[in-house]
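What follows is a set of notes on a single structure, which appears directly below.
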Amino acid sequence: MGQNQQIQTQEEELELNSIQDLYKSFIMECPSGSLYLHEFKRMFGVHNGTPESEYMDSIFRAFDMNHDNTMDFIEYVAALNLVLRGKLEDKLRWSFKVFDSDDNGRLDRCELRKIVKIIYKIKKGSVFDETGTVSLTAEQVCERIFQEVDVNNDGQITLDEFVQGAQRSPWLQNFLHLDFNPSGWVQRYLCDRKLVSPKDS
């Protein structure tokens, strides 16, 4: 067996052990085998009535692939894999799903404004232009996103426009970074349960 094959086999074994540990943790948290929204928030220490809580509602909806208002183990693992290892394009596609509350494949100003306002609260109003000197309001952030990505100026953003626009715009990537990716919450959750070591996060 070559060295590359040996490394790949070790990684696969590590993956299998991690998934088994994740499953044990998932079943301890959710004996029914289904994760409900209130349990999802509790797992990550997010309380109702906070901006994070509203954001977690959107995250949960985006990860609930079959729209049954629960997350099963497969959906849960897919969510963790995307958050921890996904490529930029995959994360942007997922971010679009978080924004797209009516799931019609397009973002209008109302949908965008709703999520931007939540994130604006999470960031405590600290959103700046690309120079880092001009503070932007939530409304200005929303307008700026439309300017960056609504290529045909029809007042709606498609998935392709969103992904391509974000890939072109360092400002938008910076705006979406971390706040639109719950990796911090996930890493803390996994570290608390000894499923990853702090140095892995």
Side-chain angles (χ1 to χ4, degrees), residues 37-38 40-64 67 69 71 79-80 82-84 86-189 201:
L37 177 59
H38 70 278
F40 183 67
K41 289 180 182 178
R42 187 188 70 226
M43 285 168 74
F44 296 107
V46 174
H47 304 288
N48 285 328
T50 63
E52 290 86 354
S53 175
E54 293 179 66
Y55 181 52
M56 289 300 262
D57 291 345
S58 298
I59 290 173
F60 187 86
R61 181 185 49 76
F63 283 144
D64 177 16
H67 308 293
N69 296 317
M71 199 184 296
L80 292 180
L82 172 66
V83 166
L84 298 174
K87 296 176 184 170
L88 174 63
E89 183 175 341
D90 295 330
K91 290 180 179 181
L92 290 172
R93 287 177 179 279
W94 174 79
S95 293
F96 183 89
K97 279 185 73 173
V98 171
F99 281 104
D100 186 16
S101 58
D102 63 7
D103 209 21
N104 71 348
R106 296 183 165 284
L107 299 180
D108 59 30
R109 276 184 161 72
C110 184
E111 286 174 309
L112 187 63
R113 194 176 294 116
K114 178 182 172 189
I115 296 292
V116 165
K117 283 182 175 178
I118 292 169
I119 296 306
Y120 194 81
K121 287 181 197 170
I122 292 171
K123 289 188 172 209
K124 298 178 173 41
S126 298
V127 181
F128 296 93
D129 67 356
E130 62 277 341
T131 66
T133 57
V134 179
S135 182
L136 302 175
T137 66
E139 194 61 39
Q140 288 171 323
V141 170
C142 186
E143 285 307 310
R144 178 69 187 269
I145 292 172
F146 263 89
Q147 288 170 11
E148 295 275 343
V149 301
D150 184 17
V151 179
N152 62 3
N153 295 314
D154 67 350
Q156 295 191 321
I157 299 170
T158 65
L159 174 60
D160 286 341
E161 284 178 322
F162 184 79
V163 170
Q164 290 168 17
Q167 288 175 330
R168 281 192 312 268
S169 169
W171 174 83
L172 184 51
Q173 286 178 37
N174 186 51
F175 178 73
L176 296 172
H177 184 66
L178 293 181
D179 295 61
F180 282 83
N181 178 349
S183 59
W185 290 320
V186 171
Q187 288 289 0
R188 282 196 299 275
Y189 170 73
S201 52

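Both backbone and side-chain heavy atoms feed into the values below; hydrogens, waters and symmetry mates do not.
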Task: Validation row, ring centre Phe162 to ring centre Phe99 under 6.0 Å - done: yes

Contact between [X] and [Y] at the side-chain level, heavy atoms closer than 4.5 Å - yes or no?
X      : Y      : answer
Phe63  : Val98  : no
Phe96  : Asp160 : no
Val134 : Gln140 : no
Arg61  : His67  : no

Heavy-atom closest contact ([X] atom, [Y] atom, distance):
X      : Y      : value
Ala138 : Val116 : O-CG1, 3.5 Å
His47  : Ser53  : O-CB, 3.1 Å
Phe146 : Leu107 : CZ-O, 4.0 Å
Glu161 : Val149 : CB-O, 3.3 Å
Glu111 : Ser101 : OE2-N, 3.2 Å

- [ ] For the pair Asp129 and Thr131, evaluate side-chain hydrogen bond (donor to acceptor under 3.5 Å, both in side chains) and give the outcome as yes or no after the intermediate values.
- [x] CA-CA 5 Å; Asp129 67 356; Thr131 66; 2.6 Å; yes

List the residues meeting side-chain contact (heavy atoms from CB on, under 4.5 Å) with [X], not counting sequence neighbours, and say none if there are none.
X      : value
Ser135 : Phe128
Asn69  : Asp64
Lys97  : Ala62
Val163 : Glu89, Leu92, Arg93, Leu159, Gln167

- [ ] State which residues pass side-chain hydrogen bond (donor to acceptor under 3.5 Å, both in side chains) with Glu130; sequence neighbours excluded, sorted by chain then number.
- [x] Arg144

Open item on the list: Suppose we screen for side-chain hydrogen bond (donor to acceptor under 3.5 Å, both in side chains). Which residues come up paired with Asp100, at least two apart in sequence or across chains?
Closed with: none

- [ ] Would you confirm whether Gln173, through its side chain, and Ala166, through its main-chain N or O, come within 3.5 Å as a donor-acceptor pair?
- [x] yes

Open item on the list: How long is the straight-line distance from CG of Leu136 back to CD of Glu143, given to the nearest 0.5 Å?
Closed with: 11.5 Å

